[in-house]
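Index from 1, following the sequence.
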Amino acid sequence: MEITYLSLIIAIISLFISLATFFKKATVQTTVTTGDKLNTSSLRLQAYERLVLLTERIALPNLIGRLNQPGISAVEMKLILTENIKQEMDYNSTQQLYVSQGAWDALKNMKEQNIMLINQVSGSLPATASSADLNKKLLEILLNQTGSAMHETVLNALNAEAKLIMG
């Protein structure tokens, strides 16, 4: 279990490093006409909206609540959770064209950290564990972590960058 907490701490640190990079890099826009600026800003804001929704959808508490299937094994639940995270990211991958590299890196970090946590917790459970055991353990770890949740940190970063676009 110490490995799980150590990995979670490392993952949170890497998320904060990504966010620090995100805030240090100013978004560079090329000089374009006013009409193009409005269109570009609109596309970028829509991308941030989608990425906020993505962040909410792959946040572990929301994911567990949405995908919970009583009666299946922890291994099956692990596969459902990790595949859903990957599918959500794949579905929204084109949005990286409209957001800063820091924002996209923060989302990728969150995805990887969630998958790593799911795999580690699943691996620490007995072979006979149920989906309820896995979900309960994941939620316990999330409740016991210090500081804000990963998804809240990513949401704050996305919101901050979207507000810069809005002026």
Side-chain angles (χ1 to χ4, degrees), residues 1-25 47-93 95-96 99-164:
M1 189 50 75
E2 290 176 4
I3 293 174
T4 302
Y5 287 114
L6 180 61
S7 296
L8 184 59
I9 290 170
I10 291 170
I12 290 171
I13 290 170
S14 67
L15 176 65
F16 284 119
I17 290 171
S18 291
L19 290 174
T21 304
F22 162 76
F23 284 115
K24 285 183 182 178
K25 290 184 178 179
Y48 282 103
E49 288 174 5
R50 289 202 43 192
L51 295 182
V52 165
L53 180 60
L54 169 64
T55 302
E56 290 288 355
R57 288 185 60 82
I58 67 172
L60 286 178
N62 299 340
L63 198 63
I64 290 168
R66 191 173 69 251
L67 299 175
N68 185 35
Q69 295 185 20
I72 64 172
S73 71
V75 172
E76 291 170 313
M77 190 66 201
K78 174 188 95 162
L79 291 173
I80 290 170
L81 292 171
T82 56
E83 285 305 310
N84 191 273
I85 291 170
K86 290 174 186 175
Q87 287 172 357
E88 291 283 348
M89 284 295 290
D90 288 346
Y91 181 75
N92 288 285
S93 65
Q95 300 310 304
Q96 68 186 297
V99 299
S100 73
Q101 188 62 48
W104 187 251
D105 287 344
L107 271 163
K108 285 191 329 187
N109 250 345
M110 180 182 161
K111 169 199 152 198
E112 292 163 8
Q113 291 170 20
N114 283 353
I115 290 172
M116 180 180 68
L117 181 61
I118 292 165
N119 286 333
Q120 287 178 340
V121 171
S122 175
S124 72
L125 295 174
T128 59
S130 69
S131 62
D133 297 329
L134 174 62
N135 293 342
K136 180 181 175 189
K137 193 67 174 169
L138 286 168
L139 292 172
E140 283 175 3
I141 289 171
L142 294 173
L143 287 173
N144 290 327
Q145 73 184 9
T146 57
S148 62
M150 283 183 283
H151 72 276
E152 290 172 4
T153 306
V154 173
L155 286 172
N156 289 336
L158 292 171
N159 286 329
E161 191 164 319
K163 286 177 183 173
L164 288 174

Heavy-atom pair of closest approach, residues [X] and [Y]:
X: Leu158; Y: Ala103; result: CD2-CB, 3.9 Å
X: Pro61; Y: Leu139; result: CA-CD2, 4.0 Å
X: Lys111; Y: Ile85; result: CG-CG2, 3.5 Å
X: Leu51; Y: Trp104; result: CD2-CZ3, 3.8 Å
X: Leu125; Y: Asp133; result: CD1-C, 4.2 Å
X: Ala74; Y: Ser122; result: O-OG, 4.4 Å

Contacts of [X] that satisfy side-chain contact (heavy atoms from CB on, under 4.5 Å) - sequence neighbours left out:
X: Gln87; answer: none
X: Pro126; answer: Thr128, Ala129
X: Ile80; answer: Leu67, Gln69, Ile72
X: Ala47; answer: Gln95, Tyr98, Val99

Measuring from [X]:[atom1] to [Y]:[atom2], what's the distance to the nearest 0.5 Å?
X: Leu63; Y: Leu81; atom1: CG; atom2: CG; result: 5.0 Å
X: Met89; Y: Leu54; atom1: CE; atom2: CG; result: 6.0 Å
X: Asn119; Y: Met116; atom1: CG; atom2: CE; result: 9.5 Å
X: Lys86; Y: Asn114; atom1: NZ; atom2: CG; result: 12.5 Å
X: Met150; Y: Asn109; atom1: CE; atom2: CG; result: 9.5 Å
X: Thr55; Y: Leu155; atom1: OG1; atom2: CG; result: 5.0 Å

With sequence neighbours excluded, tell me which residues meet side-chain hydrogen bond (donor to acceptor under 3.5 Å, both in side chains) with [X].
X: Glu76; value: Ser73
X: Glu152; value: none
X: Ser93; value: none

| said: In the structure I gave you, are the side-chain heavy atoms of Leu117 and Leu142 within less than 4.5 Å of one another anywhere? | reply: yes
| task | Can you tell me which residue pairs pass the salt bridge (Lys or Arg N to Asp or Glu O under 4.0 Å) test with a partner in residues 49-71, sequence neighbours excluded? | result | Arg57-Glu88
| task | Would you please name every residue forming a salt bridge (Lys or Arg N to Asp or Glu O under 4.0 Å) with Lys108, sequence neighbours left out? | result | Asp105
